[in-house]
Every structure is written in structure tokens, then in C-alpha cells.
Amino acid sequence: MFASCGQEAFFEGHVHALRTLGGVPRTKVRYDNLKAAVARVLGQSRGRVEADRWIAFRSHFGIESFYCRPGIEGAHEKGGAKG
């Protein structure tokens with residue numbers, strides 16, 4: 001659907017999904033550690049330094065993010081996407 005995987009495409013995809021779903025999910029949205037959202041992973045924990053534009057975007061829409069643990073420790077959290 002998108003020609004790039006840049007931050008603008010990430011945001012546009014979110015806007016499309018929110019319209020299709022009829023709003024923001026009531027629970028946290030699970031994310032892998034993609035560069036469009038995460039500026040830096042803090043060790044093997046769930047701590048992240050998020051990208052400034054992502055913070056503004058998700059705050060505007062009221063999206064609560066949940067980040068998967070990096071590496072093999074978090075592989076089971078990705079719902080088989082890395083199967």
C-alpha cells in the first residue's frame with residue numbers, strides 16, 4: 001500500500017487504520033521496535049526513547065503504545081509475525 005516505510009507512511013497508515021476501525025483501540029497498541037516510533041531501545045527492557053514526532057502523533061490521537069522486548073526474548077510477543 002505504501003511505497004516507503006518512512007515515518008510519514010507509518011503515520012498515514014495509522015490514520016487509515018483508525019478510520020477503518022472507527023477510532024482508537026481502548027487498550028495498548030503493540031509495536032515492534034520500528035524506527036518510525038523508537039529513537040532508542042533502552043537495554044533489554046521495555047524502556048524506549050520515542051521519536052518526537054511519534055510522541056506528538058500518538059498523543060494527538062490518544063494512542064497508548066506497548067513495545068515488544070528486543071531479540072529472542074520478545075519473539076513470542078509479536079504474534080507470529082517473525083515466525
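Residues Trp54 and Leu34 form no side-chain contact, since every pair of their non-hydrogen atoms from C-beta on lies 4.5 Å or further apart.
No option in Arg30, Arg48, Glu50, Lys28 other than Glu50 meets the side-chain hydrogen bond (donor to acceptor under 3.5 Å, both in side chains) test with Tyr67.
The two atoms that bring Asn33 and Val38 nearest to each other are CA-CG2, 4.1 Å, heavy atoms only. Taking both residues in full, the closest heavy atoms of Gly62 and Val24 are given as O-CG1, 3.7 Å, listed atom of the first, atom of the second, then distance. Taking each heavy atom of Ala51 and Ala36 in turn, the nearest pair found is CB-O, 4.0 Å.
Cluster annotation: Val29 and Val41 are assigned to the same hydrophobic cluster (Ile/Leu/Val/Met/Phe/Trp/Tyr, side-chain heavy-atom contacts under 4.5 Å, transitive).
Within the model, atoms CZ of Arg58 and OH of Tyr31 stand 8.5 Å from one another, a figure rounded to the nearest 0.5 Å.
By the 30° and 60° cut-offs, the orientation of the rings of Phe61 relative to Phe57 is tilted.
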